[in-house]
Enquirer: 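Here it is, the structure, as C-alpha cells.
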Amino acid sequence: MIFGLEFPSMENLVEWPGVFNKIALIHMLSVLIPTVVFLLAARQKGLVPRGTRTVAETTVGFVEEQIILPTMGTEGLKYLPLLVSFFLYVFFGNITEVIPFFQMPAMARMGGPLVLALIAWAMFISVGVKHNGLGYFKSVLFPPGVPKWLYPLVTPIEVLSTFLIRPFSHAVRLFANMLAGHILLVTFGVLCIGLWAAQVTVVVIGLTFPGLVAFTAFEVGVSLIQAFVFTILAAVYIGGALHPNH
Amino acid sequence: MSLSSTATQILAQVPEGLTADEYKAAEAASSAGFAYGLAAIGPGIGIGYLVGQAVQAMARQPESAGQVQTTMFIGVAFTEALALIGFVVFILLKFA
C-alpha cells in the first residue's frame, strides 16, 4: 500500500524491521533532542533559570497549566512525565514537516501514532483498574443513570467506542492531519516547480509561491496544535478513567 | 435527474474494451472524490458552530477564556475526526 497507511506488523514492536529510513531517523531525533535539552536543563544550579532551563520549564509549565489542570485537576499531576513525553515526542515528530532536508512529518506514517495511542490506551485502562478495581469496567459498560432496558443498546456501543474505536481514532486523528498537511505542501511545491519551468512570473502572480509560504506557516501551527490535541486527549482519557462516573 | 442515473450515463460513454481493473480504478477515483466531499460537510458545519460558540463564550466572559479554549480544542478534535476518516477513505479508495 501507498502513503504508509499499512499497520506495521506486531513483531516490529520488539524487532527492528531491517531498514533505516528518514522516518526512523526523525523518530530517533525526536527522542534524543528533548532528552538532551532536559538533561542540560537539569544540570543548571540556582534559582533563576537561564537558556535551556527556561525552555524546559516553560514546556513543563505549559503542559501542567494548559493540559493537566483543566482536564484532570491536581490529581493528574503524577501523569506529568508521561504527558510531557507525549507532547515533545509528537511535536518533534511533526515539526520536521517544515524543516528543510527533512520535509516529512514522522507522524504521517501510521506506526508512530499507533504505538503512542496504544500506550495511552493501556495507560487509561490500567489507571481505571488501579483506582476503581474491576468496578471500572462495570461503570464504563453499564453507566449509572441509564434505564435498565437500554443496556442491550448502550453496552455494545460503549465497548466499541471506549475500548476499540478510541485508540484507533486517537491515532488516525494525528496521522491523517499530518499526512493531509504534507500532501498540501507537496502539491504546492510540485506546482511551483512546474510553473517555474513554464514561466517564472506565473509562480508569483498565480499566488502559488505565496501560497506555499503561507501554508508552511500554517503547518507550523498545525504541528503545535496536533501535539497539544494528542496530549490533551490522552489526559482526558486518563482523567475519565480516574473518575468514571463524572 | 438522479445522481446515480447521471453517473450511469457518464460511465456509459467510456470506450469499449475497458478491462475490469481499469473500470474498477475509474469507479474508485470518482467515488473517492464523493467520499471526501461528503465527509467534509458535517464536520465543517460542526467546527464552525463550535468555534463560533466558543468565541461568543470568550467574549461574554473573558476571565474563563482558558477553560473555554481547552474545551473547544477537545470538541474540535472529536468533530474533526470524522472529516479525517473521510480523508483516509479517500486515500484508500484512490491509491490502495
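Side-chain atoms are counted along with the backbone in the values below, which use heavy atoms only and exclude waters and symmetry mates. Order of the sequence lines sets the chain letters (A, B, ...), proteins ahead of strands, with each chain counted from 1.
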Enquirer: Quick check: under 4.5 Å, non-hydrogen atoms only, which of residues 69-80 of chain B neighbour chain A?
Expert: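 Those residues of residues 69-80 of chain B which have a heavy atom under 4.5 Å from chain A are B/T70, B/F73, B/I74, B/A77, B/F78, B/E80.
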
Enquirer: Output the distance between atom CD1 (B/I85) and atom CZ (A/R173), rounded to the nearest 0.5 Å.
Expert: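 It comes to 8.0 Å.
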
Enquirer: Is there a side-chain contact between B/F87 and A/L179, using heavy atoms and a 4.5 Å cut-off?
Expert: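 Yes; the side chains approach each other to less than 4.5 Å.
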
Enquirer: When you look at OH of A/Y151, are more than 12 heavy atoms from neighbouring residues, nucleotides or ligands closer to it than 6.0 Å?
Expert: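 Atom OH in A/Y151 is packed in, count exceeds 12.
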
Enquirer: Tell me whether the count of non-hydrogen atoms from other residues, nucleotides or ligands lying under 6.0 Å of NZ in B/K24 goes above 12.
Expert: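 Count not over threshold, so no.
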
Enquirer: Looking only at heavy atoms, which of residues 55-67 of chain B get nearer than 4.5 Å to chain A?
Expert: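 Only B/Q67 of residues 55-67 of chain B have a heavy atom under 4.5 Å from chain A.
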
Enquirer: Does anything in residues 225-234 of chain A reach chain B? List residues with heavy atoms under 4.5 Å apart, or say none.
Expert: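 Answer by number: A/I225, A/Q226, A/F228, A/V229, A/I232, A/L233.
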
Enquirer: Can you check whether anything in residues 57-74 of chain A gets within less than 4.5 Å of chain B, heavy-atom wise, and list it by number?
Expert: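 When heavy atoms of chain B are the reference, residues 57-74 of chain A contributes A/Q66, A/P70, A/T71 within the under-4.5 Å range.
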
